[in-house]
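Everything on this sheet refers to the single structure shown next.
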Amino acid sequence: MSDRAISSASLPNLESADVLIEAIDVSKRFDVSEPWLNRILERKPKRYLHAVDRLSFHIKKGETFGLVGESGCGKSTVARLLVGLYSCSDGQVRFEGHPIQHLDRIKINGKVSLRQKIQMIFQDPYASLNPRWTVGDIVAEPLKVHYLLEDQTAIRERVAMLLAQVGLAASDAARYPHQFSGGQRQRISIARALASEPEFLVCDEPTSALDVSVQAQVLNLMKDLQQSRGLTYLFISHNLAVIRHVSDRVGVMYLGRLVEVASNQALFEKALHPYTRMLLDAIPDLERTGKDRTPVAGEVPNPLAPPSGCAFHPRCPHAMPQCARERPELRLVDARRQVACFAYGDDRAKPN
């Protein structure tokens, strides 16, 4: 296959037509300007933060797409765009072919709303649960909001079943969030997300606030639930070791853009983009003790004043003059991988 730039709108069709959700040239800008009067008096223009810039990817039914990158690269903004908490400044997110701008208004077969089929597990289990509600009320809320059950006895039975699925007891429904550990709280969050029988779960660093042993328990639970329920995940993390454990495909994000998208096996066998290789070198590995590593140099640039051309070129050991002038697009380099790097363009040598 020729090494050419792929149009972002066509990316979902490259591997399979069985796509559950896709982002097409999605951008999100936040107005961070000073107050109107200050701008008038000081003659300052408006300022915008480009948190996500022309992002395109797709997730197939039943797979886990891992999204990884340093803090501040826009991962959580992507999560909120996919579930409709943020609206796109440009581009479009589509779920089963339906745009999600108005999730609550879109019905499938005149019955199930898209809101019911898309749920999110938040990063901090201490902040995402209402401390004034019992666990039973928290888990039952989606059942009531979507009018899935009305009989109180049936709701209690469903809550007990959901708690059992995530490894908690039915009696825990009468307790409050502060009475649980961090791992148990995250299990409650998972039970709440499963209550509406969703097809797609956005997991925004769901284990980052947990101890390592508890992380493993929660990750294994999520994998078991995926197999038993046929769930599709967007799994966001800054930890590549976690991404390797849970993901089928991986997208590497830098300053609001994807720089590499590859299958799990291809990425961890041989990363192509310099930024991805630097992230992999930062993973602790006893087998590589004593071997040379390339540390992640520098810091993420200020998103209010990003570098010209390729945003990574000030930190890249393989930067070329073209990198400072032009912005590389995702290129299809083989059946399993896309890379945004001029080193994989026409007639250019690939770095070792």
Side-chain angles (χ1 to χ4, degrees), residues 12 19-30 51-53 55-69 73-108 112-125 127-130 138-139 141-146 148 162 186 188-209 218 222 225-226 229-238 243 246-247 249 251 253 256 258:
V19 173
L20 182 69
I21 191 164
E22 56 185 320
I24 304 173
D25 278 337
V26 168
S27 297
K28 180 60 180 179
R29 295 183 297 273
F30 294 99
V52 176
D53 189 11
L55 199 72
S56 295
F57 65 93
H58 69 283
I59 306 176
K60 296 183 291 185
K61 294 179 180 178
E63 81 168 347
T64 299
F65 185 85
L67 191 61
V68 67
C73 70
K75 303 187 300 297
S76 293
T77 302
V78 172
R80 285 160 173 75
L81 288 169
L82 291 192
V83 300
L85 293 178
Y86 290 160
S87 58
C88 300
S89 300
D90 294 304
Q92 190 177 72
V93 176
R94 300 180 69 86
F95 183 86
E96 293 184 337
H98 302 278
I100 68 164
Q101 284 90 338
H102 306 290
L103 280 174
D104 298 317
R105 302 180 188 176
I106 299 175
K107 300 287 185 179
I108 299 175
V112 181
S113 69
L114 283 186
R115 174 69 67 189
Q116 180 181 336
K117 303 183 79 172
I118 302 174
Q119 292 294 325
M120 184 169 178
I121 301 171
F122 294 90
Q123 176 178 356
D124 187 359
S128 60
L129 303 177
N130 190 333
I138 291 171
V139 177
E141 184 183 17
L143 301 174
K144 299 174 182 178
V145 168
H146 295 292
L148 300 178
L162 289 167
Q186 200 61 289
I188 296 168
S189 298
I190 295 172
R192 177 180 59 184
L194 295 176
S196 66
E197 299 292 332
E199 294 183 14
F200 178 57
L201 282 181
V202 174
C203 311
D204 185 10
E205 303 203 36
T207 61
S208 63
V218 173
M222 294 180 67
L225 290 170
Q226 183 178 34
R229 288 173 168 259
L231 296 170
T232 303
Y233 289 151
L234 170 67
F235 198 99
I236 295 173
S237 179
H238 62 273
I243 290 292
V246 301
S247 300
R249 288 190 304 124
M253 195 170 176
L258 286 172

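The distance from atom CD1 of Ile59 to atom CZ of Phe235, rounded to the nearest 0.5 Å, is 13.0 Å. The OG atom of Ser196 sits 7.0 Å away from atom CG of Leu148, with the distance rounded to the nearest 0.5 Å. Distance CD1/Ile24 to NE2/His58: 11.5 Å, rounded to 0.5 Å. The structure places CD1 of Ile121 at 13.0 Å from CD1 of Ile188, a figure rounded to the nearest 0.5 Å. Taking CZ of Phe65 as the start and CG of Leu82 as the end, the distance is 10.0 Å to the nearest 0.5 Å. To the nearest 0.5 Å, atom NZ of residue Lys75 and atom CZ of residue Arg80 are 11.5 Å apart.
Shown here are the salt bridge (charged side-chain N to carboxylate O under 4.0 Å, His left out) partners of Arg94, two or more places apart in sequence or in another chain: there are none. Remark: Phe200 pairs with no residue by the ring-ring contact (aromatic ring centres under 6.0 Å, His included) rule, at least two apart or across chains. Annotation: salt bridge (charged side-chain N to carboxylate O under 4.0 Å, His left out) contacts of Glu197 (sequence neighbours excluded): Arg229.
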task = Kindly determine whether Arg115 and Val145 satisfy side-chain contact (heavy atoms from CB on, under 4.5 Å), including the steps that lead there.
result = CA-CA 10 Å; Arg115 174 69 67 189; Val145 168; over 6 Å; no
inquiry  = Run the side-chain contact (heavy atoms from CB on, under 4.5 Å) test on Val68 and Ser237 for me, step by step, so that the C-alpha distance in whole Å, both residues' side-chain angles and the decisive distance to 0.1 Å come before the verdict.
reply    = CA-CA 5 Å; Val68 67; Ser237 179; 5.6 Å; no
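At a threshold of 4.5 Å between non-hydrogen side-chain atoms, the residues Val78 and Met253 count as touching. Residues Leu201 and Ile190 are not in side-chain contact: their nearest non-hydrogen atoms beyond the backbone lie 4.5 Å or more apart. Tyr86 has its side chain out of reach of Val26: every pair of non-hydrogen atoms, C-beta onward, lies at least 4.5 Å apart. Residues Glu96 and Leu20 form a side-chain contact, since some pair of their non-hydrogen atoms from C-beta on lies under 4.5 Å apart. In this structure, the side chains of Phe95 and Ile118 come closer than 4.5 Å at one or more pairs of heavy atoms. You'll find the side chain of Asn130 stays beyond 4.5 Å of the side chain of Glu141, heavy atoms only. Looking at heavy atoms from C-beta onward, Val52 lies out of side-chain contact with Ser27 at the 4.5 angstrom threshold. Side-chain contact between Asp25 and Ser56 is present, with heavy atoms from C-beta onward closer than 4.5 Å.
Glu205 places no side-chain N or O within 3.5 Å of a backbone atom of Ile236 that could act as its donor or acceptor partner. The backbone N or O of Gly62 lies less than 3.5 Å from a partner atom in the side chain of Thr232, making a donor-acceptor pair. Between the side chain of Gln186 and the main chain of Pro206, a donor-acceptor pair closer than 3.5 Å is present.
Using a 4.0 Å cut-off between a side-chain N of Lys or Arg and a carboxylate O of Asp or Glu, Glu63 and Arg249 qualify as a salt bridge. Between Asp90 and Arg29, at least one side-chain N (NZ, or NE/NH1/NH2) sits under 4.0 Å from a carboxylate O, which counts as a salt bridge.
The shortest non-hydrogen separation linking Leu67 to Leu258 is CD1-CD2, 3.8 Å. Residue Cys203 comes nearest to Met222 through the heavy atom pair SG-CE, 3.2 Å, listed as atom of the first residue, atom of the second, then distance. Here the closest heavy-atom approach between residue Leu55 and residue Gly256 is recorded as CD1-O, 4.0 Å. Nearest heavy atoms, Ser76 versus Asp204: OG-OD2, 3.0 Å. In this structure, Ala51 and Phe30 approach most closely via the heavy-atom pair CB-CE1, 3.6 Å. Shortest non-hydrogen contact noted between Leu85 and Met120 is CD1-SD, 4.2 Å.
With Glu199 as the partner, the side-chain hydrogen bond (donor to acceptor under 3.5 Å, both in side chains) test is satisfied by one option alone out of Gln119, Lys117, Lys61: Lys117.
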